[in-house]
**Q** 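The structure's right below; bear with me while I get my questions together.
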Amino acid sequence: MKLLGALLLLGSAGAWSLLRRREGQLPLRLGRALLEDLAVFRYHVQVCRTPLPELLEEVLAEGPGADRLWKPLGSFLEEGDALPRCWSRAVRTLPPPLGKLLAPLGPLLPAGGEALAAAIEETREELTRFLWEETARQAAQSRITTALCLAGASLTILVLI
C-alpha cells in the first residue's frame, strides 16, 4: 500500500511538472506560428498585393495564429473601426510579449509598401530573437521545476513512510 501511495505521489509530481511546462509553451507555439504567418503576410502584401480582408479570410485562416490574431483582427475590422486601432485591439489579446512585439506594425498597415515590408521583417527578427531566448529560458526552468516537483514528492514520501 505504501508503494502504491509513493508511486501516486511521484506520478502526480511528474504530471504537475509536465502541465506547468505545457502552459509555458503557449507563447512559444503562438510565436512560431506568427513568425510563419508574418512571412506569408509580408509576401501577400508586398508581392501579390492581396487585399487585407481576402488575406485574413483565405490565406491566414488556419492555425494558432489565426485563432489568436487574424480572426479577431477580421472581426474588429467588420465593426468598421480604423485599421491601426483594430490591429492594436487584436494584438492586446496575445500573451506577453508577443503583443508588444507586433504592436508597432499597426500604424504602418494602411500605408503598405516597402515601409510595411521592412517593419514586418524587423518584427520577424525580434520575434525570432524572443523565441530563441524564451526556448533557452524555458529549458532551464523546466529542469528546475521537474527537480523541485520530484524532490518535494520524495520528501513527502519519506515523511509519510
Side-chain angles (χ1 to χ4, degrees), residues 11-150:
S12 64
W16 190 80
S17 174
L18 288 174
L19 179 66
R20 292 286 299 159
R21 183 173 185 194
R22 185 173 296 155
E23 287 173 356
Q25 293 287 322
L26 176 65
L28 284 177
R29 285 193 316 268
L30 187 56
R32 288 184 188 112
L34 289 174
L35 188 64
E36 293 175 17
D37 287 351
L38 284 174
V40 171
F41 185 76
R42 185 179 134 248
Y43 173 76
H44 280 276
V45 166
Q46 186 179 20
V47 177
C48 300
R49 306 275 186 203
T50 307
L52 189 60
E54 181 182 324
L55 183 62
L56 294 177
E57 291 173 7
E58 296 175 12
V59 179
L60 298 172
E62 299 295 322
D67 296 335
R68 299 296 297 257
L69 177 64
W70 306 116
K71 287 179 183 175
L73 177 62
S75 66
F76 294 147
L77 286 172
E78 288 175 359
E79 294 173 4
D81 211 354
L83 181 56
R85 182 171 287 135
C86 291
W87 180 263
S88 72
R89 284 176 60 193
V91 297
R92 269 190 249 137
T93 64
L94 297 173
L98 297 177
K100 184 179 175 184
L101 290 172
L102 295 174
L105 294 177
L108 299 173
L109 286 173
E114 293 298 321
L116 178 61
I120 290 173
E121 197 55 39
E122 184 178 328
T123 301
R124 290 188 74 237
E125 290 172 8
E126 290 177 15
L127 192 53
T128 302
R129 193 171 22 260
F130 161 73
L131 291 173
W132 178 261
E133 291 169 357
E134 185 67 9
T135 300
R137 187 192 69 77
Q138 283 193 12
Q141 184 177 357
S142 174
R143 286 189 294 270
I144 292 170
T145 301
T146 302
L148 287 175
C149 288
L150 294 178

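Side chains are part of it too, since the values below use all heavy atoms of this structure and drop only hydrogens, waters and symmetry mates. Everything numeric in this text was worked out from a predicted model, so none of it was measured.
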**Q** Provide the closest heavy-atom pair for Arg22 versus Arg29 in the form atom of the first, atom of the second, distance.
**A**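 Closest approach of Arg22 to Arg29: O-NH1, 3.7 Å.
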
**Q** Looking at every heavy atom in both Leu102 and Leu38, which two are closest together, and how far apart are they?
**A**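 Here Leu102 and Leu38 meet closest at CD2-CD1, 3.6 Å.
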
**Q** Quick check: does any side chain N or O of Thr146 sit under 3.5 Å from a backbone N or O of Arg143, one acting as donor and the other as acceptor?
**A**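 It does not hold such a pair.
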
**Q** Given side-chain contact (heavy atoms from CB on, under 4.5 Å), test Leu52 with Val45 step by step and report yes or no.
**A** CA-CA 8 Å; Leu52 189 60; Val45 166; 5.7 Å; no

**Q** Just wondering, do Trp87 and Leu69 contact through their side chains at under 4.5 Å, heavy atoms?
**A**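 The answer is yes, as the side chains (C-beta and beyond) meet within the 4.5 Å cut-off.
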
**Q** Using every non-hydrogen atom in the two residues, find where Ala66 and Leu60 come nearest and quote the distance to one decimal.
**A**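 That would be CB-O, 3.2 Å.
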
**Q** Looking at Arg89 and Asp81, what are the two nearest heavy atoms and their distance?
**A**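 Nearest heavy atoms, Arg89 then Asp81: NH1-OD2, 3.8 Å.
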
**Q** Counting C-beta onward and ignoring hydrogens, is there a side-chain heavy-atom pair between Thr145 and Leu148 closer than 4.5 Å?
**A**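 Thr145 vs Leu148: side chains apart.
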
**Q** Measure the spacing between SG of Cys48 and CZ of Arg42 and express it to the nearest 0.5 Å.
**A**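 Going from the SG atom of Cys48 to the CZ atom of Arg42 covers 11.5 Å.
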
**Q** Below 3.5 Å, can you tabulate the donor-acceptor pairs from side chains in residues 104-119 to any protein atom, sequence neighbours excluded?
**A**
{"from": "Glu114", "atom 1": "OE1", "to": "Gln46", "atom 2": "NE2", "distance (Å)": "3.2"}
{"from": "Glu114", "atom 1": "OE2", "to": "Gln46", "atom 2": "NE2", "distance (Å)": "3.1"}

**Q** For Arg129, what residues pass the side chain to side chain donor-acceptor pair (under 3.5 Å) criterion, not counting sequence neighbours?
**A**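 Here no residue qualifies.
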
**Q** Would you name the heavy atoms of Pro95 and Leu30 that are closest together and state the gap between them?
**A**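 So the minimum-distance heavy-atom pair works out to CD-CD2, 3.4 Å.
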
**Q** Are more than 12 heavy atoms from other residues, nucleotides or ligands located less than 6.0 Å from atom CD of Glu122?
**A**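 Open: at most 12 neighbouring heavy atoms sit under 6.0 Å from CD of Glu122.
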
**Q** Is it true that atom CD of Glu36 has more than 12 heavy atoms of other residues, nucleotides or ligands lying nearer than 6.0 Å?
**A**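 Atom CD in Glu36 is not packed in, count stays at 12 or less.
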
**Q** So how far is it from Arg124 CZ to Leu101 CG, rounded to the nearest 0.5 Å?
**A**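 Arg124 atom CZ to Leu101 atom CG measures 13.0 Å (nearest 0.5 Å).
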
**Q** Show the nearest heavy-atom pair for residues Leu94 and Arg68, with the distance to one decimal.
**A**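 Distance-wise, the nearest heavy atoms are CD2-O, 3.7 Å.
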
**Q** Quick check for you: to the nearest 0.5 Å, what is the distance between Phe76 atom CZ and Leu83 atom CG?
**A**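 It is 12.5 Å, given to the nearest 0.5 Å.
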
**Q** Roughly how far, to the nearest 0.5 Å, is the CD atom of Glu126 from the NZ atom of Lys100?
**A**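 So the NZ of Lys100 and the CD of Glu126 are separated by 10.0 Å.
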
**Q** To the nearest 0.5 angstrom, please state how far the CD atom of Glu125 sits from the CG atom of Leu35.
**A**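 Glu125 CD to Leu35 CG: 10.5 Å, rounded to 0.5 Å.
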
**Q** Can you tell me how far the CG atom of Asp37 sits from the NE2 atom of His44, to the nearest 0.5 Å?
**A**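 One finds 10.5 Å between CG of Asp37 and NE2 of His44.
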
**Q** Excluding sequence neighbours, so at least two apart, what forms side chain to side chain donor-acceptor pair (under 3.5 Å) with Glu62?
**A**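 For Glu62 there are no side chain to side chain donor-acceptor pair (under 3.5 Å) partners, ignoring immediate neighbours.
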
**Q** State, with a plain yes or no, whether a side-chain heavy atom of Leu34 is found less than 4.5 Å away from one of Trp70.
**A**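 In short, these two side chains touch, coming nearer than 4.5 Å.
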
